[in-house]
Enquirer: 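Structure incoming, see below.
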Amino acid sequence: MIEQFLKEENIVLNFRETEHEKKHIVTGQYAHILKIDDKNLILYYQVLSSPESICCAISEDGGLTFNKPENNYVLKKSLACNNFRAFIDHNPNSKTIFKAVGGHHCGNNFPSHKDCNCKNYPTKECVDPVWPNKKRNLFIDDIYHPCQGNGYYIWESDNGLNWRVLSEKPILSSFTKIKDFNKLGHISPDGGPSIFYDNNINEYVVYLRTNIKLGVRHVSYSRSPDLVKWSEPELIKLNPGFNFEHDNLYYGGIYKYIGEKNKYIGFPSYFKNIIHDPCGEPRSYYDECTLVMISNDGLNWTVKDKWFEGITTNPQWRGHMRAPHVLGFIESPNKKEFWLYIQKDFLTDHNKLYRYSIKKEEFNKIFN
């Protein structure tokens with residue numbers, strides 16, 4: 001257990017501060033931090049008011065404090081605002097260092113799609129593992145959709161603030177088959193992806209939330225040599241195993257481990273879910289925590305620790321991301337600590353991001 005060595009440092013961001021952020025309680029969802037160098041970092045976060053957007057905050061002191069520019073929108077009028085995830089592309093052959101993944105998969109009746117003022121696009125029927133008795137018509141995924149409503153797209157930027165779509169069509173979608181999974185299941189159109197260039201295999205890897213059934217969420221893994229052609233996603237494997245009746249990994253929170261060539265670290269937001277009625281309500285949430293898991297290959301994972309067990313914002317609002325959860329994992333400028341950025345009180349009017357520190361020598365005990 002290494003949670004005892006975590007030290008709460010300070011609040012680095014208030015997610016409910018500007019007028020735009022106060023319009024809707026879902027703000028700060030799937031926030032993440034991009035480390036450009038030891039001094040400069042960008043924090044991205046979703047604001048789910050109408051129209052939904054991705055906003056940013058900037059740190060010029062290595063991640064001690066973050067400040068919001070006056071006009072801090074980096075993405076609007078795109079359904080990628082539901083799950084946008086940026087990363088620094090360390091591929092030595094890359095022409096731009098700022099890349100991202102983001103998109104949604106819906107049909108013409110999706111409320112946010114109506115805000116995009118798009119023409120009607122072709123759809124086909126999809127069986128949803130969450131609601132298998134309800135027919136859904138989703139946009140086909142073999143053409144370009146102007147507001148990225150038919151799957152996940154790749155994005156690029158010259159400065160991390162102004163983004164453009166790089167891919168000609170979605171790289172993955174809700175129609176994508178999950179490898180070796182003979183039950184119904186598909187990649188979720190929302191969630192907090194993890195994506196990076198993995199110099200262990202000289203390929204890109206992406207982790208996406210995958211819906212298995214009502215009340216059960218997993219994480220799938222895919223890889224690509226060029227950000228265009230991606231392998232058939234497969235569910236990550238957990239030790240101890242995953243309970244396909246009650247377990248939920250709400251997102252992967254996965255990073256290439258800093259300073260260890262063949263190590264990966266994950267901080268998925270976890271909970272168990274019991275559905276008491278086929279309509280989905282009522283349901284019971286329990287065992288909320290952040291799992292701390294490690295891997296040698298990025299696909300097979302061992303759970304080594306559990307953080308923030310038994311802590312929830314409100315007993316009536318349990319599950320999902322209501323417990324404190326990790327949204328950033330970076331090396332401190334002095335190289336002697338890791339800084340973990342942890343969101344607390346999500347879906348409240350005092351939703352904030354905190355910085356925690358832990359000495360490297362203590363954190364590395366997780367690999368023993």
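No hydrogens, no waters, no symmetry mates; every other heavy atom, side chains included, goes into these values. Just so you know, residue 1 is the first one in the sequence shown, and it goes up from there. Since the model is a prediction, treat every value here as computed from it, not as a measurement.
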Enquirer: State whether the side chain of T18 and the backbone N or O of E21 hold a donor-acceptor pair below 3.5 Å, judged by distance alone.
Expert: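 Side chain of T18 to backbone of E21: a pair is present.
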
Enquirer: Would you check if the distance from the ring center of H105 to the ring center of F175 is below 6.0 Å?
Expert: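 Yes, they do, as the ring centres are separated by less than 6.0 Å.
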
Enquirer: Among Y204, W301, Y207, which residue satisfies the ring-ring contact (aromatic ring centres under 6.0 Å, His included) criterion with Y221?
Expert: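 Output: one option passes, namely Y207.
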
Enquirer: Against the six-membered ring of F346, is R322 placed for a cation-pi contact (under 6.0 Å from the centre, within 45° of the normal)?
Expert: no

Enquirer: Working note: E60 + K39, criterion side chain to side chain contact (heavy atoms under 4.5 Å, CB included); need CA distance, chi angles, decisive distance, verdict.
Expert: CA-CA 5 Å; E60 297 176 338; K39 286 188 176 182; 6.0 Å; no

Enquirer: Should the ring pair Y250 and Y30 be called parallel, tilted or perpendicular, given that the plane angle runs from 0 to 90° and is split at 30 and 60?
Expert: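 It falls in the parallel class, under 30°.
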
Enquirer: Assess the pair F267 and Y341: is the distance between their ring centroids shorter than 6.0 Å?
Expert: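 Ring-ring flag for F267/Y341: false, centres at least 6.0 Å apart.
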
Enquirer: Between the side chain of E309 and the main-chain N/O of C289, is any donor-acceptor distance below 3.5 Å?
Expert: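 Not confirmed, E309 side chain does not pair with C289 backbone.
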
Enquirer: What about the rings of F87 and F196, do their centers lie closer together than 6.0 Å?
Expert: no

Enquirer: Measure the spacing between OG of S295 and CD1 of I254 and express it to the nearest 0.5 Å.
Expert: 8.0 Å

Enquirer: What about the rings of H218 and F244, do their centers lie closer together than 6.0 Å?
Expert: yes

Enquirer: With no hydrogens and no angle check, do the side chains of D287 and Y270 hold a donor and an acceptor under 3.5 Å apart?
Expert: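 The answer is no; no qualifying pair exists.
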
Enquirer: Answer yes or no for K256 and Y264: cation-pi contact, defined as NZ/CZ to six-membered ring centre under 6.0 Å and angle to ring axis within 45°.
Expert: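 Verdict for Y264: a cation-pi partner in K256.
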
Enquirer: Provide the closest heavy-atom pair for N14 versus N351 in the form atom of the first, atom of the second, distance.
Expert: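 That would be OD1-O, 3.5 Å.
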
Enquirer: Is D349 salt-bridged to K22, cutoff N-O under 4.0 Å?
Expert: no

Enquirer: Evaluate the criterion side chain to side chain contact (heavy atoms under 4.5 Å, CB included) for residue pair Y251 and L327; output intermediate values, then yes/no.
Expert: CA-CA 10 Å; Y251 63 93; L327 293 179; 3.7 Å; yes

Enquirer: Do side-chain atoms of K35 reach the backbone of E331 as a donor and acceptor pair under 3.5 angstrom?
Expert: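 Checking the backbone N and O of E331 against the side chain of K35, a donor-acceptor pair under 3.5 Å is found.
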
Enquirer: Can a donor-acceptor pair be found, under 3.5 Å and without considering hydrogens, that links the side chain of N40 to the backbone of D37?
Expert: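 Here the side-chain-to-backbone pair does not exist.
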
Enquirer: Once you measure the plane-to-plane angle for Y44 and W163, does it fall in the parallel (<30°), tilted (30-60°) or perpendicular (>60°) bin?
Expert: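 Perpendicular, since the angle between the ring planes exceeds 60°.
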
Enquirer: Any donor and acceptor pair, going by atom type alone, linking the side chain of T210 with main-chain N or O of I187 inside 3.5 Å?
Expert: no

Enquirer: Would the distance check show the side chain of D305 and the main-chain N or O of I2 forming a donor-acceptor pair, the cut-off being under 3.5 Å?
Expert: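 Checked: pair present.
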
Enquirer: Donor-acceptor pair, distance only, cut-off 3.5 Å: does the side chain of S173 make one with the backbone of G151?
Expert: no

Enquirer: State whether the number of non-hydrogen atoms from other residues, nucleotides or ligands found under 6.0 Å of K365 atom NZ is greater than 12.
Expert: yes

Enquirer: Regarding Q148 and Y144, do their side chains bring together a donor and an acceptor under 3.5 Å, going by distance alone?
Expert: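 Present: a donor and an acceptor within the cut-off.
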
Enquirer: In the hydrophobic clustering that connects Ile, Leu, Val, Met, Phe, Trp and Tyr at side-chain heavy-atom distances below 4.5 Å, which members other than Y286 occupy its cluster, ordered by chain and number?
Expert: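 Grouped by the 4.5 Å side-chain rule, I274 form the rest of the cluster around Y286.
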
Enquirer: Is the distance from the ring center of F329 to that of F363 below 6.0 Å?
Expert: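 Yes; F363 has its ring centre under 6.0 Å from that of F329.
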
